[in-house]
Novice: 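Dumping the structure here so I can ask a few things about it.
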There are 2 protein chains.
Amino acid sequence: MSDRPVPADAPLPPSVIAELSCGLPSAIEAIGERWSFLILRAAFNGMRHFEEMQGHLGIARNILADRLSRLTGHGILERRPCDDDRRRIEYRLTDKGEALLPVLIALRQWGERWGTGVPSNPVLIDRRDERPVQEVRVRAADGRDLTWKDLRWSWREADPATE
Amino acid sequence: MSDRPVPADAPLPPSVIAELSCGLPSAIEAIGERWSFLILRAAFNGMRHFEEMQGHLGIARNILADRLSRLTGHGILERRPCDDDRRRIEYRLTDKGEALLPVLIALRQWGERWGTGVPSNPVLIDRRDERPVQEVRVRAADGRDLTWKDLRWSWREADPATE
DNA sequence: CGGCTTGAGTTTCGATTCGCTACTCATATG
DNA sequence: CATATGAGTAGCGAATCGAAACTCAAGCCG
């Protein structure tokens with residue numbers, strides 16, 4: 001019914017473009033700033049404290065403070081003072097933050113493959129079989145790998161039968 | 001075969017952190033700036049011309065010009081004057097640019113799932129079976145879905161057997 | 001041809017943001 | 001108590017962003 005054929009490799013008509021809605025802007029709002037990805041990588045690497053991140057990322061303290069508060073504000077990191085030393089604050093990934101893993105891995109893999117060609121080290125392996133994770137890909141419902149050419153856009157709900 | 005056991009959910013020792021090498025910084029170098037993701041989304045949506053992107057994204061012209069030249073400089077977009085109208089310039093994704101699809105989709109899915117809750121529309125479907133693509137995930141070599149807790153870091157040194 | 005329009009930028013300039021350093025402040029530690 | 005440490009904040013010059021005007025080559029129109 002509501003399934004206009006809009007090929008992925010052809011321009012969308014303007015009226016269509018105007019209706020595009022997409023989770024991307026909200027994602028960018030939350031983590032699109034310069035240092036956010038690297039801070040998240042640090043968090044995934046197990047770093048949980050301000051000084052630790054500051055020292056290893058070489059980021060300015062005020063910027064780090066701002067990014068950390070923004071990330072906690074978006075519910076991506078959780079901020080909690082430590083019990084044993086109340087000066088120390090622990091920043092920990094929330095479920096929402098951990099859900100960014102595929103994005104981070106995909107970006108890292110892309111950078112490794114197409115960037116400076118430096119092989120990442122260490123590499124993430126599955127604890128169970130001790131083998132490296134697969135390349136992150138877009139897959140069809142039945143599991144086939146898909147490229148952009150295999151895809152097209154489709155409206156999934158009642159479409160205003162404009163035009 | 002050096003294979004230091006560094007659990008993914010525990011802090012790495014400083015000496016280890018210092019040796020971290022990762023494709024992420026080079027990826028961020030290429031596409032980490034404010035508008036780059038949205039420009040890439042536009043490119044994946046089929047937009048190929050300056051005015052088209054400018055109009056739809058509402059980005060300032062100088063910024064768009066800068067981002068486009070940066071993206072072409074990194075080999076992510078290809079810049080080519082049109083044959084039929086030599087005023088028009090066509091910006092088209094290269095293979096390197098198309099390889100960012102999993103990153104974009106993963107980000108979009110994350111934004112949709114955890115962000116403002118706005119369901120994306122239109123949605124990408126597989127041309128062959130007309131069904132929406134799967135959620136982008138990190139997978140083990142045998143295809144199991146993995147979360148961060150299933151992973152650990154491992155040093156690889158010239159190990160052609162795995163991967 | 002000559003005037004008008006269009007596509008793709010570039011320039012200008014004020015407003016933000018970045019990043020470095022120094023400072024604060026509450027909590028440990030000796 | 002004196003000192004150190006963790007997590008920020010304050011100040012300020014440098015870099016970047018953003019809106020609007022301007023440039024410039026290419027098409028279009030009579």
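Residue numbering restarts at 1 for every chain, and letters A, B, ... go by the order of the sequence lines.
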Novice: Without decimals, in angstroms, what is the distance between A:Arg70 CZ and C:dT17 C1'?
Specialist: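 Value for this atom pair: 11 Å.
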Novice: Does B:Arg79 have any salt bridge (charged side-chain N to carboxylate O under 4.0 Å, His left out) partners at least two apart in sequence or in another chain, and if so, which?
Specialist: none
Novice: One character per nucleotide, please: for nucleotides 2-9 of chain D, 5' to 3', B when the base has a protein heavy atom closer than 4.0 Å, S when only the sugar-phosphate does, - otherwise.
Specialist: --BBSBBB
Novice: Using the test salt bridge (charged side-chain N to carboxylate O under 4.0 Å, His left out), find all partners of B:Arg113 that sit at least two apart in sequence or belong to another chain.
Specialist: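 Counting only residues at least two positions away or on another chain, B:Arg113 forms no salt bridge (charged side-chain N to carboxylate O under 4.0 Å, His left out).
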Novice: Throw together a table of side-chain donor-acceptor distances under 3.5 angstrom for residues 57-68 of chain A, partners on residues two or more places apart or in other chains.
Specialist:
| unit_1 | atom_1 | unit_2 | atom_2 | d |
| --- | --- | --- | --- | --- |
| A:Arg61 | NH1 | A:Glu51 | OE1 | 3.4 |
| A:Arg61 | NH2 | A:Glu51 | OE2 | 2.9 |

Novice: Please report the interatomic distance CD1(B:Ile76) to NZ(B:Lys96), rounded to the nearest 0.5 Å.
Specialist: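 With rounding to 0.5 Å, CD1 (B:Ile76) is 5.5 Å from NZ (B:Lys96).
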Novice: Could you give the distance from CD (B:Gln54) to CE (B:Met47), rounded to the nearest 0.5 Å?
Specialist: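 Separation between the atoms: 12.0 Å.
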Novice: To the nearest 0.5 Å, how far apart are CG in B:Leu93 and CG in B:Leu100?
Specialist: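 Result: 8.5 Å between the selected atoms.
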Novice: If you measure from CD1 on A:Ile125 to CG on B:Leu146, what distance do you get to the nearest 0.5 Å?
Specialist: 11.0 Å
Novice: Write down the distance between CG (A:Leu64) and P (C:dT17), rounded to a whole number of angstrom.
Specialist: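 Computing the A:Leu64:CG to C:dT17:P distance gives 18 Å.
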Novice: C:dA22 C1' sits how many Å from A:Ile63 CD1, rounded?
Specialist: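 Spelled out: CD1 on A:Ile63 to C1' on C:dA22 is 16 Å.
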Novice: Quickly work out the B:Gln54 CD to D:dA19 P distance and round it to whole Å.
Specialist: 10 Å
Novice: Can you tell me if the side-chain N/O atoms of A:Trp35 get under 4.0 Å from OP1 or OP2 in C:dC18?
Specialist: no
Novice: Would you work out how much the helix from C:dC1-D:dG30 to C:dG30-D:dC1 bends between its ends, with each end axis defined by five base pairs, to 10 degrees?
Specialist: 10°
Novice: Atom OG of A:Ser36 and atom CZ of A:Arg41: how far apart are they, to the nearest 0.5 Å?
Specialist: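 If I round to the nearest 0.5 Å, the distance is 13.5 Å.
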Novice: If the threshold is 4.0 Å, N to carboxylate O, is there a salt bridge linking A:Asp150 and A:Arg144?
Specialist: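 Looking at A:Arg144 together with A:Asp150, the answer is no, because their closest N to O distance does not fall below 4.0 Å.
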Novice: A side-chain contact here means heavy atoms from C-beta on lying under 4.5 Å apart; do A:Thr147 and B:Leu101 qualify?
Specialist: no
Novice: Rounded to the Å, how far apart are B:Ile39 CD1 and C:dA8 C1'?
Specialist: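 Answer to the nearest Å: 14 Å.
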Novice: Got a salt bridge between B:Arg80 and B:Glu90, using NZ or NE/NH1/NH2 to carboxylate O under 4.0 Å?
Specialist: yes
Novice: Rounded to whole Å, how long is the line connecting atom CD of A:Glu33 with atom P of C:dC18?
Specialist: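 So the CD-P distance, A:Glu33 to C:dC18, works out to 6 Å.
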Novice: So if I take residues 24-32 of chain A and measure heavy-atom distances to DNA chain D, which residues fall below 4.0 Å?
Specialist: none
Novice: Taking atom C1' of C:dA8 as reference, at what distance in whole Å does atom CE of B:Met47 sit?
Specialist: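 Distance check: B:Met47 CE to C:dA8 C1' gives 17 Å.
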Novice: B:Leu38 has an atom CG; how far is it from atom P of D:dC17, in whole Å?
Specialist: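 Those two atoms, CG and P, are 14 Å apart.
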